[in-house]
Amino acid sequence: MQRLFNIVVLILLLGAFWHGYGKDIQESGVKAGVSSFASDFHSLINGPEVSNALEKLNTGVTNLMGALTEKLDSATDKERPETEKVKKPALEAPAEASFSVRNIELGDSKDKVEKLAGGAQRHTLNEYGVEWYTYHENYQNFFMAAYDTDNKVVGLYTDQDLISSKQGIKRGTPKADVAEKLGEPITKLLKGNVYYQIKSDGEYEMFEMDKSYVTIFYDKHENDTVTSIQIIDADLEKQKSSYFAAASTELKQGFEYQLFDLTNAARVNHDLSVLSWDKRVKVTAQDHSKDMAVNQYFNHTNLEGKSPFDRMEDDKIKFRMAGENLAAGQNSSIFAHEGLMNSIGHRENKLQKDFQSLGVGVAFDKEQKPYYTENYLRK
């Protein structure tokens, strides 16, 4: 009988809780509903004449709600589908060039690429005036290729274990070994009539070889080892006459989607779930990038004193967790992404296991300098 009584009391308590706070739970999640309940409950017991009488009830309900929150959050985690592992292709040493990506070299045909990797998942404009074609299987075996007008490969990039070279350099090779095998990197790059100094703070090195420019990126948080590679045909690099590309709507969209894809590829490298594209918070990110570009500042807090979370709330975006990454001045999405991965706070956002979605906004200032904003959410 006591057990039956306890069950009835529990049902009544849960019914009353849902009646008063169910809407909060539906709109903002279990934890938000519990938080709202706790606030109201503590307001009720501020009077000393009732505090002792309700102390045991308060403790019991708190424990109950804590258990309920844990179970429901656990259930949500269990509902997330596990990413099916895709077989990695067998890599071979390059036939002609020093480096290849997924057994593809500069000069190979688009037909060859798509026989090896299937059709592209996306294609978007890049800073060289050609498009990055993105190939992957749910962001596994991820790489990007660019083509000239004859559909020959003139650009390659990957941040996954798809790098092979005649020198034995691959993803995970120590930086010291790269220096030993490739020698000194170049320190300046001619654009038009201007030389630009390459100052990377050790995050990447550029080498001129095989009629191409090879940029090797290093991960400072994984013992300065090779994390990714970009290979650009020398003629394509030289035809880019300035450091920043000409701003356009197409380039803005290209940088945005490329940052999204690069983030998901990095998450897959760390056995994390793939994020979905959030078109609503993308607007929030876009507005902040534009504000920084127009008003020439760089900060998470805007000139009105509003934080990223204030701006999201202004845009009626509900979330249980949120984060923001900013970058400015990198001349491409790849360099922006690699820089963020080497900055510990930004890296933690990119690799936060509990985030579910991402929106990216890019804007250019009068000097064509890009501003990048990434907004992450868990709803």
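Cluster annotation: Leu189 and Tyr195 are assigned to distinct hydrophobic clusters (Ile/Leu/Val/Met/Phe/Trp/Tyr, side-chain heavy-atom contacts under 4.5 Å, transitive). Under a hydrophobic clustering in which Ile, Leu, Val, Met, Phe, Trp and Tyr are joined whenever their side-chain heavy atoms come within less than 4.5 Å, directly or via other members, Phe335 and Leu236 fall into the same cluster. Both Tyr128 and Tyr213 belong to a common hydrophobic cluster when Ile, Leu, Val, Met, Phe, Trp and Tyr are linked at side-chain heavy-atom distances under 4.5 angstrom. No chain of hydrophobic side-chain contacts below 4.5 Å, direct or via other Ile, Leu, Val, Met, Phe, Trp or Tyr residues, connects Tyr196 to Ile334. In the hydrophobic clustering of ILVMFWY residues, with side-chain heavy atoms under 4.5 Å counting as a link, Leu116 and Val113 come out together.
Rounded to the nearest 0.5 Å, atoms OG (Ser332) and CD (Gln258) are 8.0 Å apart. From Asn331, atom CG reaches atom CD of Gln368 across 12.5 Å, with rounding to the nearest 0.5 Å. One finds the CG atom of Leu106 at 10.5 Å from the CG atom of Asp148 (value rounded to the nearest 0.5 Å). One finds the CZ atom of Phe260 at 6.5 Å from the CZ atom of Arg122 (value rounded to the nearest 0.5 Å). Rounded to the nearest 0.5 angstrom, Lys115 NZ and Lys110 NZ are separated by 14.0 Å. The OG1 atom of Thr263 sits 9.5 Å away from atom OH of Tyr139, with the distance rounded to the nearest 0.5 Å.
Using cut-offs of 30° and 60° for the angle between ring planes, the Tyr135 and Phe143 rings count as parallel. Using cut-offs of 30° and 60° for the angle between ring planes, the Tyr204 and Phe217 rings count as tilted. Relative orientation of the Tyr157 and Phe142 rings is perpendicular, given thresholds of 30° and 60° on the angle between their planes. A tilted orientation is assigned to the rings of Phe298 and Tyr371, their planes being inclined by 30° to 60°.
Leu162 and Pro89 get closest at one heavy-atom pair: CD2-CG, 3.9 Å. The two residues Asn349 and Asn325 make their nearest non-hydrogen contact at ND2-OD1, 3.0 Å. Nearest approach of Met341 to Arg347, heavy atoms of both residues: O-NH1, 2.9 Å. Taking every heavy atom of both residues into account, Glu367 and Asp365 meet most closely at N-OD1, 2.8 Å. In terms of heavy atoms, Ser289 sits closest to Thr373 at OG-OG1, 2.8 Å. Scanning both residues, Ala145 and Leu156, for their nearest heavy atoms gives CB-CD2, 4.0 Å.
Ionic pairing of Asp177 and Lys170 is not present here: no N-O contact between side-chain nitrogen and carboxylate oxygen is shorter than 4.0 angstrom. Using a 4.0 Å cut-off between a side-chain N of Lys or Arg and a carboxylate O of Asp or Glu, Lys191 and Glu237 qualify as a salt bridge.
With hydrogens and angles left out, the side-chain atoms of His136 and Gln121 include no donor and acceptor closer than 3.5 Å. Remark: the Ser307 side chain and the Asp310 side chain contain an N/O donor-acceptor pair separated by less than 3.5 Å. Of the N and O atoms on the side chains of Tyr218 and Glu205, at least one donor lies less than 3.5 Å from an acceptor on the other residue. Side-chain contact annotation: Thr284 with Asp315, donor-acceptor N/O pair under 3.5 Å present.
Looking only at side-chain heavy atoms (C-beta outward), Phe207 and Phe99 stay at 4.5 Å or farther from each other. Two residues are said to be in side-chain contact when any heavy atoms from C-beta on lie closer than 4.5 Å; Leu326 and His288 meet this criterion. Contact check for Asn375 versus Met312: side-chain heavy atoms found under the 4.5 Å cut-off. You'll find the side chain of Asp201 reaches within 4.5 Å of the side chain of Lys220, heavy atoms only. Using a 4.5 Å cut-off on side-chain heavy atoms (C-beta onward), Ser276 and Ser357 make contact. In this structure the side chain of Ser248 reaches within 4.5 angstrom of the side chain of Leu125, judged on heavy atoms. The side-chain heavy atoms of Ile169 and Ile229, taken from C-beta on, include no pair separated by under 4.5 Å.
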Could you walk me through whether Tyr376 and Glu374 satisfy the side chain to side chain donor-acceptor pair (under 3.5 Å) test, starting with their C-alpha distance in whole Å, then the side-chain angles of each, then the deciding distance to 0.1 Å, before giving a yes or no?
CA-CA 7 Å; Tyr376 297 83; Glu374 300 176 339; 2.7 Å; yes
Start with the C-alpha gap between Lys240 and Ile232, add the side-chain angles, then the distance that decides, and say whether side-chain contact (heavy atoms from CB on, under 4.5 Å) holds.
CA-CA 11 Å; Lys240 183 173 176 283; Ile232 300 295; over 6 Å; no
Given the rule in the side-chain contact (heavy atoms from CB on, under 4.5 Å) test, do His221 and Asn342 qualify, once you have shown the distances and angles that lead to the verdict?
CA-CA 7 Å; His221 305 287; Asn342 270 316; 4.2 Å; yes
Mind running side-chain contact (heavy atoms from CB on, under 4.5 Å) on Leu351 and Leu272 for me, showing each step along the way?
CA-CA 7 Å; Leu351 303 182; Leu272 297 171; 3.8 Å; yes
Applying salt bridge (charged side-chain N to carboxylate O under 4.0 Å, His left out) to Lys85 and Asp271, what does each step give before you reach the verdict?
CA-CA 10 Å; Lys85 294 292 185 183; Asp271 296 319; 3.0 Å; yes
Please evaluate residues Gln160 and Asn269 with respect to the criterion side-chain contact (heavy atoms from CB on, under 4.5 Å), reporting the C-alpha separation (whole Å), side-chain torsions for both, the decisive distance (0.1 Å), and the verdict.
CA-CA 7 Å; Gln160 295 191 351; Asn269 279 340; 3.2 Å; yes
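Within the structure, every pair that satisfies the salt bridge (charged side-chain N to carboxylate O under 4.0 Å, His left out) test and touches residues 278-289, not counting sequence neighbours, is listed here: Glu256-Lys282, Asp278-Lys379.
In this structure a side-chain-to-backbone donor-acceptor pair under 3.5 Å is present from Glu105 to Glu96. In this structure, Asn264 contributes its side chain and Leu275 its backbone to a donor-acceptor pair below 3.5 Å. Of the possible polar contacts, one joining the Gln352 side chain to the Asp354 backbone as a donor-acceptor pair under 3.5 Å is found. Looking at Asn295, its side chain never comes within 3.5 Å of a backbone N or O of Tyr297 through a donor-acceptor pair. In this structure, Ser212 contributes its side chain and Val214 its backbone to no donor-acceptor pair below 3.5 Å. With Asn302 contributing its side chain and Gly305 its backbone, the two residues share a donor-acceptor pair below 3.5 Å. Checked by atom type and distance alone, the side chain of Arg171 pairs as donor or acceptor with a backbone atom of Thr227 at under 3.5 Å. The backbone N or O of Val86 lies less than 3.5 Å from a partner atom in the side chain of Gln140, making a donor-acceptor pair. A donor-acceptor pair under 3.5 Å is absent between the side-chain atoms of Thr173 and the main chain of Val226, judged by distance alone. One N or O on the side chain of Lys181 and one on the backbone of Gln167 form a donor-acceptor pair closer than 3.5 Å.
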